[in-house]
Every structure is written in C-alpha cells, then in structure tokens.
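Comments concern the structure below.
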Amino acid sequence: MTRAWLSLLFASFLIKTQSLERLKPFLIQRKMSCKEAWSLEEAEQAFLQIEQAKRFFISRTACLEQSLALFLFATSQGKSIDWCVGIRLAPFASHAWVEAEGITVRELESVQKYRKIVEI
C-alpha cells in the first residue's frame, strides 16, 4: 500500500504543478520505457490498493488523481497502461480513467459517453 500512497502523492503533485501539455511528454516517456503491458487483473489489484491508500490521503482524490496514480503505479513497475481523459458536452463533464488490455479498469460510470481528448 505504500507504493499506492506514494503514487497518489506524486499524481497530486504533478496535477497541481504541471499543465496537461507539460505533463504529457513526461508521461509518454515513462510509458515508452515500459517493457510489457499490465494485465487487467494486475491493474484491478493495483486499483484496490489505490482505493485503500486514498483513505490515508489528505488531499482531493477524484478520478484525475486516482487514474494518474494508477498510471504512475504501473509505470513504476515497468508496466504500461493507457491513461485517458475525456469530455462530454451535454451536460459538460470531464472524466479520467485507465485502460488495461483495451478495457476500462474498475469504472462505475460508462466512459462511452465521453470523447477521449487525451490517451497516453
């Protein structure tokens, strides 16, 4: 759970200090250095660890922080996963999530209603 908590901390720091445009090259580089893809099962197990770590985190942990933390958790182990950010227009909303093996990881709401604007 320590790695999950540190991933949340790093994700929160990056979101608060970097614009998405500055963050993208860093995330792409991390993903490119990964040797293999994360399986859906591995991603779901890590998701549960992130969920547990959120209880001990003092800052906001919404979909953006949580999905980025999961991406950072995976890439810290040399495994790649897809990080996605999408929007919908009516009513306007944004959402962030991760995908493993082309499948969304532990999403409660349907991401099909969102148009992907970022996929790393």
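- No side-chain heavy atom of Leu8 sits less than 4.5 Å from a side-chain heavy atom of Leu68.
- A 4.5 Å side-chain heavy-atom check between Ile81 and Glu99 finds every atom pair outside the cut-off.
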Verdict with reasoning, Lys79 to Cys34, per side-chain contact (heavy atoms from CB on, under 4.5 Å): CA-CA 5 Å; Lys79 306 275 186 124; Cys34 295; 5.5 Å; no

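- The backbone N or O of Gly78 sits nowhere less than 3.5 Å from a side-chain atom of Thr75 that would complete a donor-acceptor pair.
- Closest heavy-atom contact between Glu42 and Ala37: OE1-O, 4.3 Å.
- No single ILVMFWY cluster, assembled from side-chain heavy atoms under 4.5 Å apart, contains both Leu64 and Ile58.
- Both Leu20 and Phe92 sit in one connected hydrophobic cluster of ILVMFWY residues. Membership requires side-chain heavy atoms under 4.5 Å apart, directly or through other members.
- In summary, the aromatic rings of Trp5 and Phe57 are positioned with their centroids under 6.0 Å apart.
- Looking only at side-chain heavy atoms (C-beta outward), Val98 and Thr104 stay at 4.5 Å or farther from each other.
- Between Gln77 and Phe73 the shortest side-chain heavy-atom distance falls below 4.5 Å.
- When only modelled atom types and interatomic distance are considered, Gln66 and Glu51 share a side-chain donor-acceptor pair under 3.5 Å.
- We find the CD-CD distance between Glu41 and Glu101 to be 9.5 Å, quoted to the nearest 0.5 Å.
- Taking all atoms of both residues into account, the shortest heavy-atom contact from Ser7 to Ile50 is CB-CD1, 4.4 Å.
- Salt-bridge annotation for Glu119 and Lys24: absent, with no side-chain N of the basic residue lying under 4.0 Å from a carboxylate O of the acidic one.
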Evaluation steps, side-chain contact (heavy atoms from CB on, under 4.5 Å), between Lys116 and Val85: CA-CA 6 Å; Lys116 285 183 190 176; Val85 178; over 6 Å; no

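- At least one side-chain heavy atom of Leu14 sits less than 4.5 Å from a side-chain heavy atom of Leu72.
- Taking 4.5 Å as the limit, some side-chain heavy atom of Glu107 sits within range of a side-chain heavy atom of His95.
- At least one side-chain heavy atom of Ser59 sits less than 4.5 Å from a side-chain heavy atom of Lys16.
- Looking at every heavy atom in both residues, Ala11 comes nearest to Ala69 through CB-N, 3.6 Å.
- Here the CD-OG1 distance, from Gln49 to Thr2, works out to 9.5 Å after rounding to the nearest 0.5 Å.
- Between Arg30 and Ser76 the shortest side-chain heavy-atom distance falls below 4.5 Å.
- Closest non-hydrogen pair, Ala62 versus Glu65, comes out as N-OE1, 3.0 Å.
- With hydrogens and angles ignored, the 3.5 Å screen pairs no side-chain donor or acceptor of Arg3 with any backbone N or O of Leu6.
- Within a 6.0 Å radius of CZ in Phe26, more than 12 heavy atoms belonging to other residues, nucleotides or ligands are found.
- Across Leu70 and Ala43, no two heavy atoms sit closer than the pair CD1-O, 4.1 Å.
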CA sep, side-chain torsions, deciding dist, call: Trp97, Arg106, side-chain contact (heavy atoms from CB on, under 4.5 Å): CA-CA 9 Å; Trp97 66 94; Arg106 294 282 184 139; over 6 Å; no

Evaluation steps, side-chain contact (heavy atoms from CB on, under 4.5 Å), between Trp38 and Ser80: CA-CA 6 Å; Trp38 230 9; Ser80 73; over 6 Å; no

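- Linking ILVMFWY side-chain heavy atoms closer than 4.5 Å, directly or via other members, places Met32 and Ile120 in a single hydrophobic cluster.
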